[in-house]
Student: 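First the structure, then my questions, so here it is.
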Amino acid sequence: MAEIDNNGINQEEILPKNFIQQQIIDDLAEGKNGGRVHTRFPPEPNGYLHIGHAKSICLNFGTARKFGGLTNLRFDDTNPTKEDTEYVDSIMEDVRWLGFDWDDRLYYASDYFDKLYEFAVSLIKTGKAYVDFQSQEVISEQKGVPTRPGIDSPYRNTSPEENLEIFARMKDGFYNEGECVLRAKIDMSSPNMHMRDPLMYRILKQPHHRTGDKWCIYPMYDYAHGQCDYWEGITHSICTLEFEVHRPLYDWFIDELKDSDYRPRQIEFSRLNITYNVMSKRLLLLMVKEGYVKGWDDPRMPTICGLRRRGYTPESMRAFSDRVGVTKVDGVTDVAVLEYCIREDLNKTAQRVMGVIDPLKVVITNYPEGLVEELDAINNPEDESKGKRKVPFSRELYIEREDFMENPTNKFYRLSVGREVRLRYSYFIKCNEVIKNDQGEVIELHCTYDPETRGGNAPDGRKVKATLHWVAVAQAVKAEVRLYDRLFTDADPSGHKDKDFLDFLNPDSLSVLTDCYIEPFVKNGKPLDSFQFERLGYFNIDPDTTTDKIVFNRIVSLKDGFKKL
RNA sequence: UGUCCUGUGGUGUAAUUGGCAACACGUCUGAUUCUGGAUCAGAAGAGUUCAGGUUCGAAACCUGACAGGACAACCA
């Protein structure tokens with residue numbers, strides 16, 4: 001049994017699950033930060049969140065929760081040229097949908113613009129920051145390259161008094177964009193490029209989505225992030241690997257700022273990659289803008305809103321995030337793991353229903369015309385409490401075209417002429433005759449049923465090898481079904497130096513079937529409700545559904561236990 | 001020819017800190033089944049990038065290679 005100690009921390013769960021939790025445990029053991037654990041999720045509102053962010057959300061909120069701590073949501077909005085409130089709203093929706101809550105701890109980097117300015121002034125006063133009037137090109141040239149040290153700027157030794165005046169003018173809009181920048185005075189010969197007098201502020205005469213026209217100078221990420229962490233009391237600042245080389249700078253600013261033993265600590269982990277996907281905001285934005293997909297929430301997209309529309313559940317996303325783990329190894333997760341997670345969830349929860357997506361008409365020649373029977377069907381065999389429903393059965397039915405084979409191979413044991421199969425929850429039927437059109441295509445089957453097998457079992461105990469799903473023609477709901485395949489044909493579309501990721505776009509990633517028939521039960525469904533179409537897979541109702549057309553998305557197929565022959 | 005990070009079955013992770021390399025996904029068997037699903041039972045698959053060293057004992061520690069990644073935005 002779990003024991004709760006007086007900090008409310010579950011002692012049973014205190015075993016580290018990954019290296020970050022191990023480091024937190026070590027920090028706690030050393031008595032750092034007064035035993036607090038406080039994380040933050042810091043998205044830049046310049047695009048929609050994707051499944052990699054979902055992992056980060058689960059990691060930040062999940063880790064804090066495990067240690068009885070808190071997590072802030074903080075928008076990293078230091079660049080008004082790229083950011084927008086549209087993205088702020090979608091990000092909040094996505095975090096909540098995933099099942100996390102920041103309570104009243106919603107922050108913006110822009111909340112700290114005044115404090116950041118004051119801190120910059122204090123760094124100027126101590127001679128640790130200076131305004132540089134050189135062009136971007138010159139500054140870049142002076143920075144050198146990783147293998148060769150840089151050289152000092154001629155503005156490096158301007159007096160603090162003069163810098164103070166200039167910086168105030170900079171803030172007041174006296175200079176033009178690009179005319180000057182504020183830099184930290186650190187070490188132009190550092191082997192770490194980020195320590196070669198990094199930029200703290202640049203001039204951007206752009207209105208900001210929150211501060212409006214108040215500022216024309218905006219802090220750089222490196223100058224803002226750690227200080228925001230500090231002022232919010234963040235203890236563990238978890239980010240992705242590309243910020244690893246920024247850590248010395250993060251620490252440098254904190255050292256200048258801190259006035260107690262408390263300090264936030266940056267810990268990096270490797271970002272999520274999934275086979276047959278791209279996971280970069282830039283590339284995802286490009287696919288949306290250029291129309292390769294229908295939008296950020298296209299069900300083929302690895303965005304959170306895309307996966308939500310596709311039918312992925314928050315539970316499945318959290319389970320996935322848990323399964324992939326947290327390390328510093330740059331790897332690729334098989335998309336099969338994601339699919340496993342949604343199947344695992346939906347198998348336990350999804351309402352079963354019968355639907356035929358590639359119909360073949362069947363006439364039960366010995367079944368009374370005009371008769372409709374209501375037969376019992378189980379709503380979810382994995383969950384007795386979900387009960388049963390009635391499914392109408394009549395003389396004319398649809399079955400799946402691929403469940404019939406005129407000349408069956410020896411591994412095919414479904415319907416064929418002379419064979420008997422079971423129609424799920426109804427009767428055994430035997431196929432007697434194949435009706436073809438002028439092109440020789442099978443258009444209809446004539447079968448007979450055995451009235452003794454009502455419900456699906458034969459009193460004489462005889463067995464059939466296959467059970468087929470079906471729908472009654474007259475009662476079926478006609479539907480559009482959208483089938484999705486992977487968006488790319490290559491496992492690592494953006495990983496080829498000589499090829500563009502668009503070269504690997506899968507032309508068949510979407511197929512729309514318009515002649516599908518589903519049992520009447522689905523009429524009660526609302527957009528985003530999900531079902532298992534028995535033997536086919538999991539499907540949900542797409543928001544494109546209207547009063548006269550119901551549209552389904554295939555979330556994922558059922559696992560195929562057999563090879564197509 | 002700089003600094004930093006990372007190398008464990010096909011893939012993702014683990015190995016309680018030096019003690020028989022474990023789990024999951026995937027793959028393949030078989031059982032069972034009114035979903036070729038689910039479930040159950042089982043199998044194959046790594047000797048931990050390589051070479052030295054320390055040790056009774058190394059995936060782990062040390063040295064050196066090799067491979068991959070990150071860093072040279074007034075982006076985050």
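Proteins come first, then strands; the chains are lettered A, B, ... in the order of their sequence lines, and each starts at number 1. These numbers were taken from a predicted model, which means no experiment stands behind them.
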Student: Using the side-chain heavy atoms of A:V337, tell me which of these nucleotides is nearest: B:C25, B:G37, B:G36.
Tutor: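 Closest of the options to the side chain of A:V337: B:C25.
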Student: Applying a 3.5 Å limit to both distances, which nucleotide forms a Watson-Crick or G-U wobble pair with B:A65?
Tutor: B:U49
Student: How far does the C1' atom of B:U8 sit from the matching atom of B:A58, given to the nearest Å?
Tutor: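 Rounded to whole Å, the distance is 14 Å.
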Student: Does a donor on one side chain sit under 3.5 Å from an acceptor on the other, for A:N192 and A:S190?
Tutor: no
Student: When all nucleic acid strands are considered with a 4.0 Å heavy-atom cut-off, which category describes A:R352: base, sugar-phosphate, or nothing?
Tutor: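 Contact class for A:R352: base.
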Student: Quote, to the nearest angstrom, the C1' distance that separates B:G68 from B:U49.
Tutor: 11 Å
Student: For A:D322 and B:C25, give me the distance from atom CG to atom C1', rounded to whole Å.
Tutor: 14 Å
Student: In Watson-Crick or G-U wobble terms, both distances under 3.5 Å, what is the partner of B:G2?
Tutor: B:C71
Student: Here's a test of your reading of the structure: between A:R424 and A:K55, which maps to the more 5' nucleotide of RNA chain B?
Tutor: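 The residue mapped nearer the 5' terminus is A:K55.
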Student: Could you give the distance separating B:U63 and B:G47 at their C1' atoms, to the nearest angstrom?
Tutor: 23 Å
Student: Given the side-chain rings of A:H496 and A:F501, with only the six-membered ring counted for Trp, is the space between their centroids under 6.0 Å?
Tutor: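 Ring-ring flag for A:H496/A:F501: false, centres at least 6.0 Å apart.
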Student: Specify the separation, in whole Å, of atom CD1 of A:I186 and atom C1' of B:U3.
Tutor: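 A:I186 atom CD1 is separated from B:U3 atom C1' by 16 Å.
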Student: How far apart are the C-alpha atoms of A:Y221 and A:N79, what are their side-chain angles, what is the distance that settles it, and do they pass the side chain to side chain donor-acceptor pair (under 3.5 Å) test?
Tutor: CA-CA 9 Å; A:Y221 165 86; A:N79 186 352; over 6 Å; no
Student: Need the pair for B:U54. Rule: Watson-Crick or G-U wobble, both distances under 3.5 Å, any strand; none if unpaired.
Tutor: none
Student: Over how many whole Å does the gap from A:D345 atom CG to B:A38 atom P extend?
Tutor: 15 Å
Student: Could you check B:G47 for me: syn (within 90° of 0) or anti?
Tutor: syn
Student: Expressed as a whole number of angstroms, how long is the span from A:R419:CZ to B:G36:C1'?
Tutor: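 A:R419 atom CZ is separated from B:G36 atom C1' by 13 Å.
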Student: Between the base of B:G36 and the side chain of A:R414, is one N or O donor paired with an acceptor at under 3.5 angstrom?
Tutor: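 Side chain to base: pair found, below 3.5 Å.
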Student: Provide, to the nearest angstrom, the distance between the NZ atom belonging to A:K17 and the C1' atom belonging to B:A15.
Tutor: 16 Å
Student: Can you check B:U33 for me, syn or anti if syn means within 90° of 0?
Tutor: anti
Student: Could you give the distance separating B:A67 and B:G57 at their C1' atoms, to the nearest angstrom?
Tutor: 29 Å
Student: Any side-chain N or O of A:T467 under 4.0 Å from OP1/OP2 of B:U35?
Tutor: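 No, outside the criterion.
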Student: Are A:E534 and A:R424 ion-paired here, with the side-chain N under 4.0 Å from a carboxylate O?
Tutor: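 Here A:E534 pairs with A:R424 in a salt bridge, since their nearest N and O are under 4.0 Å apart.
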Student: Are A:M200 and A:M220 close enough, and set up right, to give a side-chain contact (heavy atoms from CB on, under 4.5 Å), and what steps lead you there?
Tutor: CA-CA 5 Å; A:M200 292 165 60; A:M220 302 290 292; 5.7 Å; no
Student: Specify the separation, in whole Å, of atom CG of A:N347 and atom C1' of B:U33.
Tutor: 14 Å
Student: Starting at CD of A:Q21 and ending at P of B:A14, how long is that distance when rounded to a whole Å?
Tutor: 11 Å
Student: Sort out the partner of B:U17 for me: Watson-Crick or G-U wobble, both distances under 3.5 Å, none otherwise.
Tutor: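 None - no nucleotide pairs with B:U17, as no candidate has both distances under 3.5 Å.
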Student: Suppose you measure atom P in B:G18 against the same atom in B:A43; what distance do you get, rounded to whole Å?
Tutor: 32 Å
Student: Could you work out the separation of B:A46 and B:A21 based on their C1' atoms and round it to a whole Å?
Tutor: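 It works out to 9 Å between them.
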Student: Taking a pair as Watson-Crick or G-U wobble with both distances under 3.5 Å, which nucleotide is matched to B:A38?
Tutor: none
Student: Among side-chain atoms of A:Y108 and A:E83, is any donor-acceptor pair under 3.5 angstrom?
Tutor: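 A:E83 and A:Y108 do not have a side-chain donor-acceptor pair below 3.5 Å.
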Student: Can you name the closest pair of heavy atoms from A:R462 and A:D450 and give their distance?
Tutor: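 Here A:R462 and A:D450 meet closest at NH2-OD2, 2.8 Å.
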Student: Side chain of A:V329 only, please: which of B:G12, B:U13, B:U35 is the nearest?
Tutor: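 The answer is B:U13, which lies nearest to the side chain.
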Student: Base, sugar-phosphate alone, or nothing: which one does A:R422 contact when heavy atoms must sit under 4.0 Å apart?
Tutor: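 Answer is base: heavy atoms of A:R422 come under 4.0 Å of a base.
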Student: Please confirm whether the ring centroid of A:Y250 lies under 6.0 Å from the ring centroid of A:F243.
Tutor: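 No - the distance between ring centres of A:Y250 and A:F243 does not fall below the 6.0 Å cut-off.
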Student: In plain terms, say whether A:D403 and A:R535 are close enough for a salt bridge, that is, a side-chain N and a carboxylate O under 4.0 Å apart.
Tutor: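 A salt bridge is present here (some side-chain N lies under 4.0 Å from a carboxylate O).
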Student: Could you check whether the side chain of A:E339 and the base of B:G26 have a donor-acceptor pair of N or O atoms closer than 3.5 Å, going by distance alone?
Tutor: no
Student: Assign A:V332 to base, sugar-phosphate, or nothing according to its heavy-atom contacts below 4.0 angstrom with the strands shown.
Tutor: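 If one applies the 4.0 Å heavy-atom cut-off, A:V332 turns out to touch the sugar-phosphate alone, with no base involved.
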Student: I'd like to compare against my own output: the B/S/- annotation of nucleotides 67-76 of chain B with a strict under-4.0 Å heavy-atom distance to protein.
Tutor: --SSSBSBSB
Student: Using the P atom in both, what is the distance from B:U48 to B:G10, to the nearest Å?
Tutor: 13 Å
Student: When the C1' atoms of B:G12 and B:U27 are considered, how many whole Å apart are they?
Tutor: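 My reading of the C1' atoms in B:G12 and B:U27 gives 16 Å.
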Student: A:L536 or A:T147: which one's nearest nucleotide on RNA chain B is closer to the 5' end?
Tutor: A:T147
Student: Starting at atom CD of A:Q23, determine the distance to atom P of B:U17, rounded to an integer number of angstrom.
Tutor: 17 Å
Student: Under 4.0 Å between any heavy atoms, over every strand shown, what does A:E141 touch: base, sugar-phosphate, or nothing? Just pick one.
Tutor: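 It contacts nothing in the nucleic acid.
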Student: Mind checking A:Q532 for me? I need base, sugar-phosphate or nothing, with any heavy atom below 4.0 Å counting as a touch.
Tutor: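 Base, at least one base heavy atom under 4.0 Å.
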Student: Give one of base, sugar-phosphate or nothing for A:G331, where a contact means two heavy atoms less than 4.0 Å apart.
Tutor: sugar-phosphate
Student: Assess whether ring pair (Phe, Tyr, Trp, His ring centres under 6.0 Å) is satisfied between A:F75 and A:Y107, documenting all intermediate values.
Tutor: CA-CA 6 Å; A:F75 288 99; A:Y107 301 104; over 10 Å; no
Student: So what does A:P149 hit on the nucleic acid, given a heavy-atom distance under 4.0 Å: a base, only sugar-phosphate, or nothing?
Tutor: nothing
Student: Is there a donor and acceptor pair, one atom on the side chain of A:Y413 and one on the base of B:G36, closer than 3.5 Å?
Tutor: yes
Student: Would you tell me whether A:D76 and A:H225 have side-chain atoms, one donor and one acceptor, within less than 3.5 Å of each other?
Tutor: yes
Student: For B:G10, give its Watson-Crick or G-U wobble partner with both distances under 3.5 Å, or none.
Tutor: B:C25
